[in-house]
Chemist: 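Before anything else, here's the structure in question.
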Amino acid sequence: MELDPGQHFESRAAEEKWDRLWREQGVHRFDEGSAAPTFVIDTPPPTVSGSLHVGHVFSYTQTDVLARHQRMNGRNVFYPMGWDDNGLPTERRVQNYFHVRCDPAVPYERAFAMEASPSDGGTKTPPRKISRGNFIELCLALTAEDEKAFKSLWQRLGLSVDWSQEYSTISDRSRRLAQLSFLDLFRKGHVYNLEAPTMWDVDFRTAVAQAEVEDRSQKGAFHNIRFGMEDGDGSFVIATTRPELLPACVAVAAHPEDQRYASLLGRRAVTPVFKAPVPVFASPLVDREKGTGILMVCTFGDATDVLWWREQSLPLRQILGRDGRLMPVEFGSASFPSLDPAAANAAYGPLAGRTVKEAQKGIVELLRDPAGAATADGAPPLVSEPQPIEHPVKFFEKGDRALEFITTRQWFVRLMDRKADLLEAGDRISWHPDFMRLRYRSWTENLQLDWCISRQRYFGVPFPVWYPVTTSGESDFERPILADAAALPVDPTTDAPPGYEAFQRDQPGGFRAEGDVFDTWFTSSLTPQIASGWSLAPERHRKLFPMDLRPQSHEIIRTWAFYTIVKALLHENTIPWRHVAISGWVLDPDRKKMSKSKGNVVTPMHLLDQYGADAVRYWSLSAKLGTDTAFDEKVLKVGRRLVTKLFNAAKFVLSQSGPEGPISSPLDLAFVARLQDCVARASEALDAFEYAAALDTIERFFWGSFTDTYVELVKGRARGESDPEGRASALATLRLALSVQLRLFAPFVPYITEEIWSWTLARSEGQPSIHRAPWPRAEELLGGRASGADAEVFTTAVVFLDAVRRAKSAAGATVGRQLSRLRLAAHPTTADGLKKSLGDLVAAARVEDLSIERRPGMEVGILEVLECQLAEMPPER
RNA sequence: AGGCGCGUGGCUCAGUGGUAGAGCGCUUCCUUGACACGGAAGAGGUCGGUGGUUCAAUUCCACCCGCGCCUACCA
């Protein structure tokens, strides 16, 4: 080892060197053959279609520190990394990046290549339409690039991932397992397909599940519209925020106890403009206080409409198409009855093809016209100007326009009949922090719909399903044809089902592909099974599943955590993991969530360059689980300072030459006893996943007890010639303390600790990598060495050192200044304590004549400086 | 609207039924033999508010205020 004075730790060089060596030597490798207890992590596969930001660094480092601790603790750690590349985020990114749209009608092009589109320059050229096959190729190509960026960040950060366990959610194996999952659920009766009103995003043109829906407060307006009665007797005014759905009105509802409308119940009303006769029924779900207390039921304005439609067996009048525009309809037909079909068709005609927003304008105009009145008085149906309101509206979380309820055929996983089991499963899992279990609970309790798993998209895992085509050319959805498990993964749009030939595709008596893909969560909810191999590797699966730890962030408890629990329950009637660790978010300095759209994202690479990976890790690890933290560069500086201090302290310890001997000096024994206490507390915290508390404990000990005090106190003895036994004891203590503290720090700051370890400890401790060295244990410190230590000796010495420093500072002298005379007063107990390490104290204080007055009246543990005489300054050198 | 979390020195955060903690920032001092990417000494807080329990409350309880999130609320 060559250590030059003034040498600094070069973090960048160390990161490259050690990261490479760790991989070459398989330091983080899961040992398939080992019988050692395992620790299995269900690593979150990052969505690779997003930009990197410090939030990624933050949460992934928090998992890594637990993995590293468990590994040093002797566990056979399984720590894989996956990439979540399938799904809408990738599709959207490809659409924007290449300025393309997928159109399954376009034929596949071989040797297809595209350049990134230069941001369209506002030219408004329509996106190029490309085939499904080519679209998927672009998705794969782009995600491959993104995965590289993530991987290099993870490696730079020093995540102790076992890279031989890498997977991606669009890979053959993931597709195969996702399709196996579907087959298993089908066989067990947990999935079904159904044509029903479903929440639909009109821009992405796909169904979405309840878990992906969020409420957004939107501006709207109550429109008060007068309806007539079919028998001409009376009228009433409904209030609606969606007048454009008037043509789809199928009923009117009022509260059963509302006297105002009691006379209307059971009779038939007539809609204005379209003159459709509709029943008036009573429902306790109607809020008498809201609007006018009576409302129109449409197919479909909201979830309550869907409920009433089912409950009252109302007819379906779907006017909204999958593209969010009004479809052409024929009034006077069986499905769209009207008392005045000619007028109704004349009114509706211009609305067909319009968006919801445009249609609303058109309808409001019609409602202002007395001609549309459903009553005899001939007054305009819109009885007053619209009253603006703010109200919550359901959106797809990634969407820009409100969701609509549109009747389509979709596949669902039954959840509503398993809520009790799901709640019980959540309770069997340990949540960190514990209160996070409430988010799971409240989500599960409030679940209202089965899980819609089909998406009308392209870059995803296809359903392994075909339908028989009847002789009349219809798909028989009741008798789906499932793929053979052995044939998976399949793509039904290109593969033929078992028992059929390719030429029978779309032919009467043949088959038709299910063209949908799975909800990405259908695959993501299998990350434990994908990592373990599940039914493809039963032996391995048994060893790895249920897993130990699922780390994730809180906003996806309702999706990722929830669906993973669902799958484990439905497939194997178990929980997927024993612990869930929920990381917080990194907020910007104004405490706002970082997001690309807000432009407040802090990217990690420059921070790694500027402060080093260990410092960035330090920042990540100083925040507790579950707690959102404002990004603060100051903490990075503190981390860098710790790295430097470790480097220098180690340099000092390892440059002290001389033989070690038994640890015998009272001060050394007392210090080792303290170290032992630190080890115990840090270990306890880490075992409970409280890495931040552990770091705090270790760091506090390192600065407070080690560098600032113990090292200063024994420097003289470690270098002195006069006391060989004392010197040998000091050297042994310093080296033990370094070894132990390095190992305590190793999971947190793996690079600097490995660097120092490599100087001499790798050889003397018989373990080439500190990350495979044993986590410190109390026994190793005891071993007869610290037993019988008088811990007070150290405490008293600290008090002494403080008093001397204060006295010198008050006298305007430096810490290193010699004292000719120092007189102290203390309680006899304290004075006796001081005597036990007197030699060290005299040397540390650099005092020639030290005397301690015994005063029984004083408080124990307090020192009073009676006199402090500075020595003559040495002559100028 | 219900639930959960948070509110501690200028900033970022720990913590605790018994005279308040850290780091950064600030003031003063110091190139000393591991470290100026450092060290020493200091100033700075009635721990969101009001009640209650207790010998004692920043900590426990109730209510309130502010912020954040979760769930619900679409007529």
Side-chain angles (χ1 to χ4, degrees), chain A residues 3 5-9 11 215-218 220 222-223 238-242 245 252-253 285-287 290-298 301-305 308 389-394 402-403 433 435-448 554-555 557-558 584-585 587 589 591-593 611-612 615 619 622-624 626-635 637-656 692-693 696 699-700 703-704 707-708 711-712 715 719 801-802 804-810 812-817 846:
Chain A
L3 290 174
Q7 181 185 333
H8 292 137
F9 177 57
S11 58
D215 284 355
R216 295 185 199 159
S217 188
Q218 295 287 300
F222 265 128
H223 295 71
I238 61 105
T240 181
T241 54
R242 302 210 58 186
L245 292 179
V252 167
L285 295 179
V286 177
D287 182 349
K290 210 160 189 172
T292 55
I294 188 165
L295 57 91
M296 67 171 181
V297 179
C298 306
D302 62 24
T304 325
D305 280 349
W308 280 320
I389 55 160
E390 284 260 334
H391 63 156
V393 177
K394 286 195 192 307
L403 287 170
F435 65 80
M436 286 294 179
R437 73 170 62 247
L438 293 172
R439 299 211 178 179
Y440 173 84
R441 174 159 279 282
S442 69
W443 171 254
T444 308
E445 282 172 345
N446 284 295
L447 201 66
Q448 285 169 17
H554 45 69
E555 84 274 20
I557 289 176
R558 61 143 95 171
W585 284 336
L587 307 173
R591 305 204 65 83
K592 296 274 178 277
K593 195 192 173 193
Y611 297 100
W619 161 74
S622 56
K624 293 187 293 188
T627 305
D628 296 346
T629 310
F631 178 71
D632 183 6
E633 212 156 327
K634 287 180 307 196
V635 183
K637 288 187 188 161
V638 178
R640 191 176 54 186
R641 206 170 64 110
L642 171 66
V643 170
T644 303
K645 194 70 172 179
L646 273 166
F647 183 87
N648 286 314
K651 203 164 66 175
F652 168 73
V653 170
L654 295 178
S655 61
Q656 302 305 306
D696 184 68
E699 198 190 0
R700 207 177 279 276
W703 289 97
T707 64
D708 290 355
V711 169
E712 296 303 328
K715 255 182 193 170
R719 279 196 288 254
L801 208 54
D802 281 348
V804 170
R805 283 171 179 165
R806 257 198 310 277
K808 284 185 178 177
S809 187
T814 71
V815 185
R817 182 73 179 273
R846 303 189 187 185

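A, B, ... follow the sequence lines: proteins, then strands. Residue 1 opens every chain.
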Chemist: Could you work out the separation of rU27(B) and rG9(B) based on their C1' atoms and round it to a whole Å?
Modeler: 16 Å
Chemist: Rounded to whole angstrom units, what separation is found between the CD atom of Gln656(A) and the P atom of rA34(B)?
Modeler: 7 Å
Chemist: Considering only the C1' atoms, how many Å lie between rC35(B) and rC30(B), rounded to the nearest integer?
Modeler: 14 Å
Chemist: How would you label the contact of Thr292(A) with the nucleic acid (heavy atoms, under 4.0 Å): base, sugar-phosphate, or nothing?
Modeler: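 Nothing, no heavy atom under 4.0 Å.
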Chemist: Reckon Lys637(A) has a side-chain N or O less than 4.0 Å from the OP1 or OP2 of rU12(B)?
Modeler: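 Negative; the distance criterion is not met.
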Chemist: Counting Watson-Crick and G-U wobble pairs only, both distances under 3.5 Å, name the nucleotide matched with rU12(B), or none.
Modeler: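 Across all strands, the one nucleotide that pairs with rU12(B) is rA22(B).
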Chemist: Let's test this: given Watson-Crick or G-U wobble pairing with both distances under 3.5 Å, identify the partner of rG5(B).
Modeler: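 Here rG5(B) is engaged in a pair, and the nucleotide opposite it is rC67(B).
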Chemist: Could one point to a donor on the side chain of Glu712(A) or the base of rA34(B) with an acceptor on the other under 3.5 Å away?
Modeler: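 Side chain to base: pair found, below 3.5 Å.
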Chemist: Run the salt bridge (charged side-chain N to carboxylate O under 4.0 Å, His left out) test against Glu555(A) and tell me which residues pass, sequence neighbours left out.
Modeler: none
Chemist: Expressed in angstrom and rounded to an integer, what is the separation of Arg437(A) atom CZ from rG5(B) atom P?
Modeler: 13 Å
Chemist: Please work out if Ala630(A) contacts a base, only the sugar-phosphate, or nothing of the nucleic acid, heavy-atom cut-off 4.0 Å.
Modeler: sugar-phosphate
Chemist: Pick the closest RNA chain B nucleotide for Gln448(A) and for Trp703(A) by heavy atoms, then say which residue is nearer the 5' end.
Modeler: Trp703(A)
Chemist: Please give the distance between the P atoms of rC6(B) and rA62(B) as a whole number of Å.
Modeler: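 To the nearest whole Å, 15 Å.
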Chemist: Which is true for Arg558(A) with a 4.0 Å heavy-atom rule: it touches a base, it touches only sugar-phosphate, or it touches nothing?
Modeler: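 Answer is sugar-phosphate: Arg558(A) comes under 4.0 Å of backbone atoms only.
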Chemist: With rounding to the nearest 0.5 angstrom, report the CG to CG distance, Leu403(A) to Asp215(A).
Modeler: 10.0 Å
Chemist: With respect to the side chain of Val815(A), which nucleotide from rA40(B), rC70(B), rA34(B) is positioned closest?
Modeler: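 So the side chain of Val815(A) is nearest to rA40(B).
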Chemist: What's the gap between rG15(B) and rU8(B) when it is taken at their P atoms, as a whole Å value?
Modeler: 14 Å
Chemist: Return the 5'-most residue of the pair Ala813(A), Val635(A) with respect to RNA chain B, ranking by each residue's nearest nucleotide.
Modeler: Val635(A)
Chemist: Once you round it to whole Å, what is the distance between P of rC13(B) and CZ of Arg700(A)?
Modeler: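 Distance check: Arg700(A) CZ to rC13(B) P gives 17 Å.
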Chemist: Could you give the distance separating rC61(B) and rU19(B) at their C1' atoms, to the nearest angstrom?
Modeler: 25 Å
Chemist: State the CZ-CG distance between Phe647(A) and Leu642(A), to the nearest 0.5 angstrom.
Modeler: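 The CG atom of Leu642(A) is 13.5 Å from CZ of Phe647(A), to the nearest 0.5 Å.
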Chemist: Indicate, with a heavy-atom threshold strictly under 4.0 Å, whether Val711(A) touches base, sugar-phosphate, or nothing.
Modeler: base
Chemist: To the nearest Å, how far apart are His554(A) NE2 and rG5(B) C1'?
Modeler: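 Answer to the nearest Å: 10 Å.
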Chemist: Looking only at N and O atoms, is any donor in the side chain of Thr814(A) or the base of rC30(B) less than 3.5 Å from an acceptor on the other one?
Modeler: no
Chemist: Could you please name the option among rA40(B), rC74(B), rA22(B) that lies closest to any side-chain atom of Thr241(A)?
Modeler: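 Out of rA40(B), rC74(B), rA22(B), the nucleotide with an atom closest to Thr241(A)'s side chain is rC74(B).
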Chemist: So, is Lys624(A) near the phosphate of rC13(B), with a side-chain N or O under 4.0 Å from OP1 or OP2?
Modeler: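 It does not, given that no N or O in the side chain of Lys624(A) lies less than 4.0 Å from OP1 or OP2 of rC13(B).
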Chemist: Kindly say if Lys634(A) contacts the phosphate of rA22(B), meaning a side-chain N or O under 4.0 Å from OP1 or OP2.
Modeler: no
Chemist: In the structure shown, which nucleotide is the Watson-Crick or G-U wobble counterpart of rA34(B), with both distances under 3.5 Å?
Modeler: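 The answer is none; no pair meets the criterion.
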Chemist: Rounded off to whole Å, could you give me the CE-to-P distance for the Met436(A) and rU71(B) pair?
Modeler: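 Computing the Met436(A):CE to rU71(B):P distance gives 12 Å.
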Chemist: Given 3.5 Å as the limit, does a donor-acceptor pair link the side chain of Lys808(A) with the main chain of Ala813(A), or not?
Modeler: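 No, because the side chain of Lys808(A) does not come within donor-acceptor range (under 3.5 Å) of the backbone of Ala813(A).
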Chemist: Between rA43(B) and rG10(B), how many Å separate the two P atoms, rounded to a whole number?
Modeler: 16 Å
Chemist: For the pair Ser809(A) (side chain) and Arg805(A) (backbone), establish whether a donor and an acceptor sit closer than 3.5 Å, ignoring hydrogens and angles.
Modeler: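 It does not hold such a pair.
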Chemist: Below the 4.0 Å mark, does rG39(B) have OP1 or OP2 next to a side-chain nitrogen or oxygen of Arg641(A)?
Modeler: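 Arg641(A) to rG39(B) OP1/OP2: side-chain N or O found under 4.0 Å.
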Chemist: Respond yes when some side-chain nitrogen or oxygen of Lys715(A) is under 4.0 Å from OP1 or OP2 of rA34(B), and no when none is.
Modeler: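 Yes.
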Chemist: Checking contacts here: which listed nucleotide (rA14(B), rC73(B), rA34(B)) is nearest the side-chain heavy atoms of Asp696(A)?
Modeler: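 The closest nucleotide is rA14(B).
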Chemist: Would you say rA34(B) has OP1 or OP2 under 4.0 Å from some side-chain N or O of Arg719(A)?
Modeler: yes
Chemist: So which heavy atom on Pro433(A) is nearest to which on Gly626(A), and how close?
Modeler: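 Looking at all heavy atoms of both residues, the shortest contact is CD-CA, 3.8 Å.
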Chemist: Can you identify which nucleotide, out of rU71(B), rC74(B), rG39(B), has its nearest atom closest to the Thr304(A) side chain?
Modeler: rC74(B)
Chemist: Measure CZ/Arg806(A) against P/rA43(B) and give the value in whole Å, please.
Modeler: 11 Å
Chemist: Mind checking Ser442(A) for me? I need base, sugar-phosphate or nothing, with any heavy atom below 4.0 Å counting as a touch.
Modeler: sugar-phosphate
Chemist: How far, in whole Å, is rU58(B) from rC73(B) if one measures between their P atoms?
Modeler: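 That atom pair is separated by 42 Å.
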Chemist: What is the pairing partner of rA56(B), taking Watson-Crick or G-U wobble pairs with both distances under 3.5 Å in any strand?
Modeler: none
Chemist: Which heavy-atom pair separates Thr707(A) from Ala649(A) by the least distance, and what is that distance?
Modeler: CG2-CB, 4.0 Å
Chemist: Using a heavy-atom cut-off of 4.0 Å across all strands, would you classify Asp708(A) as base, sugar-phosphate, or nothing?
Modeler: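 Sugar-phosphate: the residue Asp708(A), judged by heavy atoms under 4.0 Å, touches backbone atoms but no base.
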Chemist: With sugar-phosphate meaning primed atoms plus P, OP1 and OP2, does Val286(A) contact a base, only sugar-phosphate, or nothing at under 4.0 Å between heavy atoms?
Modeler: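 Val286(A): base contact, heavy atoms under 4.0 Å.
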Chemist: Given rC37(B), rU71(B), rU12(B), which nucleotide is nearest the side-chain atoms of Asp632(A)?
Modeler: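 Closest nucleotide to the Asp632(A) side chain: rU12(B).
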Chemist: Do the rings of His554(A) and Trp585(A) sit parallel, tilted or perpendicular, given the 30° and 60° boundaries?
Modeler: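 It falls in the tilted class, 30° to 60°.
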Chemist: Tell me the interatomic distance from Leu587(A), atom CG, to rC67(B), atom C1', rounded to whole angstroms.
Modeler: 12 Å
Chemist: Tell me: CZ of Arg805(A) to C1' of rA40(B), nearest whole Å?
Modeler: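 About 7 Å, once rounded to whole Å.
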Chemist: What is the base-pairing partner of rG17(B), counting Watson-Crick and G-U wobble geometry with both distances under 3.5 Å?
Modeler: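 Pair assignment: rG17(B) / none.
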Chemist: For nucleotides rG44(B) and rU71(B), find the distance between their C1' atoms and express it as a whole number of Å.
Modeler: 43 Å
Chemist: Just checking Phe222(A): base, sugar-phosphate only, or nothing, at a heavy-atom cut-off of under 4.0 Å?
Modeler: sugar-phosphate
Chemist: Does Arg641(A) have any salt bridge (charged side-chain N to carboxylate O under 4.0 Å, His left out) partners at least two apart in sequence or in another chain, and if so, which?
Modeler: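 Salt bridge (charged side-chain N to carboxylate O under 4.0 Å, His left out) check on Arg641(A) returns nothing, list empty.
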